[in-house]
Amino acid sequence: MKNYILTLLALVFLIQVKAQNLTTVIPNSNDTRVITTGVPFLLIASDARAAGIGDMGVATSVDAYSQQWNPSKYAFSETKSGIGVSYTPYLSKLVNDIFLGNFTYFNRINERSAFAASFKYFSLGEIEIVQDEFSEALIEKPNELTIDVSYALRLSDQFSMAVALRYLRSDLRIQAVDANASAASSFGVDITGYYQSEEEAYSDFNGRWRAGFAIQNLGPKIKYDDAGRENFLPTNLRLGGGFDFIFDDYNKLAVTAEVTKLLVPTPPIVGKEYEYVDNNDNGTYEESEDDLVGFPNSPVDDYVIIEGKDPNVSFLSGVFQSFGDAPGGFSEELKEFTWALGAEYLYQDSFAFRAGYFNESEEKGARKFFSLGAGFKYSTINVDLSYLFSASKVQSPLENTLRFSLTFNFGDGEYVEY
């Protein structure tokens, strides 16, 4: 009993001491903790075939645009070499000069290896700047681009891997506003793998399994000046698998599924820290002037983390942290995965009809859309088209947009894989 009374008195004493200086943290909770990165245009499907089956390509069959999705597929190309050119309008409902263009070249060196190179250009159109009514209008043309090369090596009859090196340049600064403005740049590395089984006979059809993985845009953060905020690259992990239904020599149906996750830290729940001080010892507490307002990308001393982890880490630490830093726990981590389903019907390897669906959690961006596509092959030329229908309350910048791709194949049929 005596010990109990002493413990109670000690607690009362601590409460009295604490009452002289109270600190309250009020969270600035955001239920839509969307992960943002620099150069996000890298995540846009630049070719019409991938766009037509739900923005996926890590485990689909090889084509000229495999450089963006999984360059290790080039080691399975039946074509000796090829050139791909694509054009994607962006925000076409509002303007007509914002677009994403892509140029890709690949060459299968021999039975075991291949290399490829590509150039991707994202134009943000023309921006007219007028300082005052007497000044002449200045025209700025911000843009972003990447240049990359890859090498693929076939490690066995059914499996290949590839490494790609990418240079990124983001010129979004306005020279007319800031004379010292300069373009930001960085580099990224892709590590990919692709598996394709032999054709197997089933009861009513033949079939072939496909699988692939890709870790993309692994590289240092990008920033525009020494004092500016560092932005993570859109480092991501892609996993996919599929099956080819080969009904006969004329009819084939390829079904594919893919999941993707950004390997970038999740913004934590942050908030204001209020300190109340009883300056006159009269039981009245007043708010101090040293309040802290938190923002996820501010220096660590400028905010208070309520839940989650500090996002201001190196790009490599961010990759590992991204699997377990969501404030909502495992359930929120699962919401950071996007998934897609797609199907492609081929007739005589000359006509293609495609359909797909892409899904992203409403709390992580709310991208949801259906896509349709078609392709036509004549001699050594492939023409592909795709169209997107938004299925989300958040309108897609690519909604009701027709994407176009053109491929030129050289040495078609030189290798036998399918």
Side-chain angles (χ1 to χ4, degrees), residues 34-51 54-58 65-71 84-104 117-127 140-148 164-174 183-190 214 216-224 229-238 260-264 315 338 340 358 360 364-367 369 371 386 388 390 394-399 401-405:
V34 179
I35 300 175
T36 59
T37 69
V39 288
F41 81 97
L42 291 178
L43 300 176
I44 302 173
S46 62
D47 64 288
R49 185 199 177 199
D55 280 18
M56 73 168 87
V58 74
Y65 303 97
S66 297
Q67 181 82 337
Q68 175 178 350
W69 306 100
N70 188 346
V85 181
S86 67
Y87 176 81
T88 300
Y90 202 76
L91 289 173
S92 58
K93 285 187 174 182
L94 301 178
V95 294
N96 58 8
D97 58 353
I98 299 180
F99 68 90
L100 174 63
N102 178 263
F103 176 87
T104 303
S118 70
F119 172 75
K120 189 182 295 185
Y121 181 82
F122 185 56
S123 170
L124 280 77
E126 293 186 351
I127 298 177
E140 293 284 351
K141 297 180 179 180
N143 61 80
E144 297 179 304
L145 61 85
T146 63
I147 301 173
D148 46 38
L165 179 63
R166 177 171 298 109
Y167 167 75
L168 310 100
R169 184 177 185 272
S170 179
D171 190 5
L172 303 181
R173 303 295 297 273
I174 307 299
S185 63
S186 184
F187 69 89
V189 175
D190 294 357
Q216 299 178 305
N217 306 314
L218 184 63
K221 299 178 185 180
I222 189 170
K223 64 178 181 177
Y224 291 87
R229 189 184 77 188
E230 292 184 322
N231 298 276
F232 284 95
L233 299 183
T235 306
N236 64 87
L237 170 67
R238 297 183 183 274
T260 305
K261 186 185 189 305
L262 279 173
L263 304 182
V264 177
F315 76 92
T338 64
F358 180 93
E360 182 178 56
K364 296 296 179 178
R367 289 179 299 164
F369 58 81
S371 60
S386 70
L388 182 149
S390 180
V394 180
Q395 188 174 12
S396 170
L398 295 167
E399 186 172 7
T401 296
L402 187 66
R403 287 185 253 194
F404 173 80
S405 296

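The figures here come from the full heavy-atom set of this structure, side chains too, leaving out hydrogens, waters and symmetry mates. Positions are given from 1, in the same order as the sequence printed here.
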Next on the checklist: With side-chain contact (heavy atoms from CB on, under 4.5 Å) as the criterion, how do Thr37 and Asn217 come out once you've worked through the C-alpha distance, each side chain's angles and the decisive distance to 0.1 Å?
Outcome noted: CA-CA 11 Å; Thr37 69; Asn217 306 314; over 6 Å; no

Item to check | Trace of the side-chain contact (heavy atoms from CB on, under 4.5 Å) decision for Ile44 with Tyr90 | outcome: CA-CA 10 Å; Ile44 302 173; Tyr90 202 76; 3.6 Å; yes

Next on the checklist: The criterion is side-chain hydrogen bond (donor to acceptor under 3.5 Å, both in side chains); which residues satisfy it with Lys221, sequence neighbours excluded?
Outcome noted: none

Checklist entry - Would Tyr121 and Asn143 satisfy side-chain contact (heavy atoms from CB on, under 4.5 Å), going step by step from the backbone distance to the final call? => result CA-CA 7 Å; Tyr121 181 82; Asn143 61 80; 3.4 Å; yes

Next on the checklist: Using the ring-ring contact (aromatic ring centres under 6.0 Å, His included) criterion, which residues pair with Phe41? Sequence neighbours excluded.
Outcome noted: Phe122

Item to check | Ser186 side-chain N/O to Pro220 backbone N/O, donor-acceptor pair under 3.5 Å | outcome: yes

Checklist outcome for this item: In short, Ser386 meets Ala48 closest at the heavy-atom pair CB-O, 3.3 Å

Checklist entry - Under 6.0 Å between the ring centres of Phe358 and Phe369? => result yes

Item to check | Heavy-atom closest pair, residues Ala184 and Ile222 | outcome: CB-CG1, 3.6 Å

Checklist entry - Any idea which heavy atoms bring Ser396 and Ser390 closest together, and the distance? => result N-OG, 4.1 Å

Item to check | Where at least one partner belongs to residues 35-47, residue pairs that pass salt bridge (charged side-chain N to carboxylate O under 4.0 Å, His left out), sequence neighbours excluded | outcome: none

Checklist entry - Out of curiosity, Tyr87 OH to Leu100 CG, how far, rounded to the nearest 0.5 Å? => result 10.0 Å

Checklist entry - Between Asn70 (side chain) and Val58 (backbone), is there a donor-acceptor pair under 3.5 Å? => result yes

Checklist entry - Which pair of non-hydrogen atoms, one from Trp69 and one from Ala45, has the smallest distance, and what is that distance? => result CZ2-CB, 3.6 Å

Item to check | Between CD1 on residue Ile147 and CZ on residue Arg166, distance to nearest 0.5 Å | outcome: 11.5 Å

Checklist entry - For atom CZ of Phe187, is the number of surrounding heavy atoms from other residues, nucleotides or ligands below 6.0 Å larger than 12? => result no

Item to check | Under 3.5 Å: donor-acceptor pair, side chain of Thr235, backbone of Leu263 | outcome: no

Checklist entry - Mind checking what makes side-chain hydrogen bond (donor to acceptor under 3.5 Å, both in side chains) contact with Arg403, not counting sequence neighbours? => result none

Checklist entry - Nearest heavy-atom pair of Tyr65 and Ser405: which atoms, and what distance? => result OH-CB, 3.6 Å

Checklist outcome for this item: Residues passing the salt bridge (charged side-chain N to carboxylate O under 4.0 Å, His left out) test with Glu144, sequence neighbours excluded, are none

Checklist entry - Distance from Leu388 atom CG to Asp55 atom CG, nearest 0.5 Å? => result 7.0 Å

Item to check | Taking every non-hydrogen atom, the tightest pair across Gly125 and Pro142 | outcome: O-CD, 3.6 Å

Next on the checklist: Would you say that Leu42 contacts Leu168 through its side chain, given a criterion of any heavy-atom pair below 4.5 Å between the two side chains?
Outcome noted: yes

Checklist entry - Would you say the side chain of Ser46 lies within less than 4.5 Å of the side chain of Ser86, judging by non-hydrogen atoms? => result yes

Checklist outcome for this item: Interatomic distance, CD@Gln216 vs CG@Asn236, rounded to 0.5 Å, equals 4.5 Å

Next on the checklist: What verdict does the side-chain contact (heavy atoms from CB on, under 4.5 Å) test give for Leu165 and Asp148, after you've listed the backbone C-alpha separation in whole Å, the side-chain angles of each residue and the deciding distance to 0.1 Å?
Outcome noted: CA-CA 5 Å; Leu165 179 63; Asp148 46 38; over 6 Å; no

Checklist entry - Between CG of Leu218 and CG of Leu237, what distance do you get to the nearest 0.5 Å? => result 11.0 Å

Checklist outcome for this item: Contacts of Glu399 meeting salt bridge (charged side-chain N to carboxylate O under 4.0 Å, His left out) (sequence neighbours excluded), chain-then-number -> none

Checklist entry - In Å, rounded to the nearest 0.5 Å, how long is the span from CG of Leu145 to CZ of Arg169? => result 6.0 Å

Next on the checklist: Using only atom types and a distance under 3.5 Å, with no angle test, would you say the side chain of Asp97 pairs donor to acceptor with the backbone of Glu126?
Outcome noted: yes

